[in-house]
Amino acid sequence: MSSSLPWPLSMHLLMLRPKRNGRWWRRSLWRSVERVMGEVELSCLAYVKMYLHACLFPRCSVNGLLLSSSPAGGAVCVTDCVPLLHTHLPLAPITQLALTQVDVWCAQTQQRIVGYYQANACVSDSSPTPCALKIADKIAEQCNNAVLLMIDGGKMSPDYRVPPIVMYERKDTRWTLKDKHTIMLRQWEETRDIASQLLDSGDHSLLVDFDSHLDDITRDWTNQKLNAKIAELVSPANALPPGGGTVSIVTFTWSSSTARGRQQNINSMSINHMLLENSQEWRNWLRDPT
Amino acid sequence: MSSPSIISAKLIEQNVLIIVLTEMRDKLRKWREDNHRNSEQIVDVGEELINEHASKLGDDIWIIYEQVMIAALDCSRDDLAWTCLQELKRQFPGSQRVKRLAGMRLEALEKYEDASKQYDSILQDDPTNTAARKRKISILKAQGKSAEAIRELNEYLEQFVGDQEAWHELSELYINEHDYGKAAFCLEELMMTNPHNHLYCEQYAEVKYTQGGLENLELSRKYFAQALKLNNRNMRALFGLYMSASHIAASPKVNATVKKANVKYATWATNQINRAYQVSYARCLL
């Protein structure tokens, strides 16, 4: 299987046929993909962070946003995720604030918000809550192929074999279950092992969601440190093809005179730029505190 | 014949052990008093304490058994929970408190019917037992029957009006049901009895903001400001103040003076937020 040969659509569909014992997820081992409309690919980084977020707050509902650094059009490739809240998901102010901040950060790092994930506190119920649908609707206004991902707590046992996720897509104005054949995770076993390894070593406490950031603003909600740790564990075989790379940080230069001399206006974008300039410096410092 | 060095080494070892024990006990006591739900840590510390040093704890052991049992149920450590329960049953046969723990264990095993019967038997003997009633409401919540849980909790609060934990739980249930008006009412009760708690003010303000409408936004701005007055480091309140003031200023229904005032508040909030980030950034560098 040469990675440079484009696979015809029929071969592609052949490989996606489900196996009897339910191990069709293995099919995602092939690397060259004819991206088909309506397909969603979930990267290792995104899955691991979502999983760790759900594990870090096992007694609360948690939610977050799914990001993509690949261009719009065609299949959706979720390359990263931002964990948002673990308290009071249905309340508006912090959700709005978080969405605005993530939006601005995405614009600066050439990413876009392509989806939303949530894990309910009640393990037996993994259906989307009204607030999940509302936020997903908002995201779908900006992104055509937005996805809504619910983490199924009931399947998150230590020896689980299938990814504990349920994905929804928007058809007309309703969110319907997505065809499983169009969801892909490359190297699923490896992804699962990385997630378990980080959980066992206690590194899931490194994860910072937006709520934790508000409790202590020195903590970085973009999780650069954890991203680096996960990247170390991911083998080259699971690396995304060129063009679908991981987050690239744009470095700012921050000078205090700019902040003081800046005209104060109440446009929310300006405050986000100010905040992001400040937090960008930390993130650079956090990555390399020399 | 034991030489002086061996005797002194043994003494030192014993002293170190006593210090370690006292530390562990103090930690558990602190977590118990602050009502932390750090169950994994409690199980780690408590299990060691129970297995290695049970004899040295005296009467403290029983409350530690209770604390460790609840933490073990939270971490799915059935074995540890069962051991603790057996010890407590042996020491306190026929105790209501131990019966409640047995009921909690049944809940953890998802045997909700049996747990409910257990709590009913406690309530038969003692109808004023609040713990058993609250556990019954938790069973409804765990089963996803939020409407019933809300109804039961309302009935409970009619009898026990002063139970703050219950008011807070009710406000959470209402928020999850998107019934913001009633959630606001519960938080008002909490603010009345705890006027110095900035978290209740801030949560009330968030609920009002979510409700929307000009009056609610003004109210939310006032309560965010109140929360800031009580604790000027509350970032959520600062952001909330900025957002509510901006929304009011941007609304077409306000007159020019109100608009100007709100722009001023929003600008102030912006400055404070910027300063907070700068200070924390500087602290990181030090």
Side-chain angles (χ1 to χ4, degrees), chain A residues 58-61 87-98 100-101 120-125 127 129-131 134 157-158 202 205 210-211 213-220 254 256 259-260 262-268 270-272 274-283 285-286 289, chain B residues 37 39-40 74-75 110 141-144 146 172 174-178 180 183 202-203 205-212 220 224 233-247 249-250 262-271 273-281 283-285:
Chain A
R59 294 134 194 151
C60 315
S61 297
T87 53
H88 303 137
L89 272 62
L91 290 181
I94 307 300
T95 311
Q96 279 181 9
L97 176 71
T100 326
Q101 289 235 359
N120 289 334
C122 191
V123 158
S124 51
D125 175 25
S127 54
T129 56
C131 92
K134 224 190 277 187
S157 53
S205 52
F210 202 79
D211 250 342
H213 169 76
L214 289 176
D215 289 333
D216 176 4
I217 50 178
T218 54
R219 302 184 75 192
D220 171 23
W254 177 76
S256 56
R260 273 201 291 274
R262 186 191 307 276
Q263 182 169 10
Q264 302 297 342
N265 67 50
I266 59 165
N267 184 351
S268 62
S270 73
I271 190 176
N272 279 307
M274 251 197 292
L275 294 171
L276 277 164
E277 278 188 12
N278 294 341
S279 53
Q280 185 57 58
E281 271 298 305
W282 286 319
R283 280 200 287 278
W285 181 80
L286 283 171
Chain B
R37 197 173 170 177
S39 304
E40 287 90 2
D74 215 10
C75 299
E110 296 193 341
K141 192 176 166 192
Q143 291 174 313
S146 25
E172 301 264 343
Y174 276 133
I175 289 172
N176 285 331
E177 293 297 304
H178 301 270
Y180 299 115
E202 179 241 302
Q203 217 177 312
E206 283 188 30
V207 170
K208 281 291 164 194
Y209 181 103
T210 313
Q211 265 184 301
S220 90
F224 278 128
R233 293 217 213 130
N234 188 331
M235 284 308 288
R236 288 189 178 84
L238 204 43
F239 276 115
L241 177 63
Y242 165 74
M243 288 170 72
S244 46
S246 322
H247 270 108
N262 278 287
V263 168
K264 208 169 66 173
Y265 304 144
T267 317
W268 179 85
T270 313
N271 288 337
I273 294 172
N274 203 22
R275 199 195 297 177
Y277 274 98
Q278 284 178 27
V279 164
S280 58
Y281 170 53
R283 231 180 254 149
C284 271
L285 286 177

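Chain identifiers are assigned alphabetically (A, B, ...) following the order of the sequence lines, protein sequences preceding nucleic acid strands; residue numbering begins at 1 within each chain.
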What distance separates [X] [atom1] from [Y] [atom2], expressed to the nearest 0.5 Å?
X        : Y        : atom1 : atom2 : value
B/Met243 : A/Thr100 : CE    : OG1   : 6.0 Å
A/Ile94  : B/Glu202 : CD1   : CD    : 6.5 Å
A/Asp216 : B/Arg233 : CG    : CZ    : 10.5 Å

Part of [X] within contact of chain A (heavy atom distance under 4.5 Å):
X        : result
B/Ala142 : backbone
B/Glu172 : side chain
B/Gln143 : neither

Do the non-hydrogen side-chain atoms of [X] and [Y] ever get within less than 4.5 Å of each other?
X        : Y        : value
B/Arg236 : A/Asp215 : yes
A/Thr218 : B/Arg283 : no
A/Ile217 : B/Tyr281 : no
B/Ser39  : A/Arg59  : yes

Shortest non-hydrogen contact between A/Pro90 and B/Asn176, atoms and distance
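Taking A/Pro90 first and B/Asn176 second, the nearest heavy atoms are CG-OD1, 3.9 Å.
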
Based on non-hydrogen pairs under 4.5 Å, which of A/Pro93, A/Ala92, A/Cys122 is most in contact with chain B?
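Most heavy-atom pairs under 4.5 Å with chain B: A/Pro93.
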
Measure A/Asp211 against the heavy atoms of chain B and call it side chain, backbone, both or neither at under 4.5 Å.
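For A/Asp211, heavy atoms of backbone and side chain both lie under 4.5 Å from chain B.
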
What pairs with A/Asp125 under salt bridge (Lys or Arg N to Asp or Glu O under 4.0 Å), at least two apart in sequence or on another chain?
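By the salt bridge (Lys or Arg N to Asp or Glu O under 4.0 Å) rule, A/Asp125 matches no residue at all.
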
Give a yes-or-no answer on whether the side chains of A/His88 and B/Glu206 include a donor-acceptor pair shorter than 3.5 Å.
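No donor-acceptor contact under 3.5 Å links the two side chains.
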
Between A/Leu91 and B/Tyr180, is a side chain to side chain contact (heavy atoms under 4.5 Å, CB included) present by the stated rule, with each step listed?
CA-CA 9 Å; A/Leu91 290 181; B/Tyr180 299 115; 4.0 Å; yes

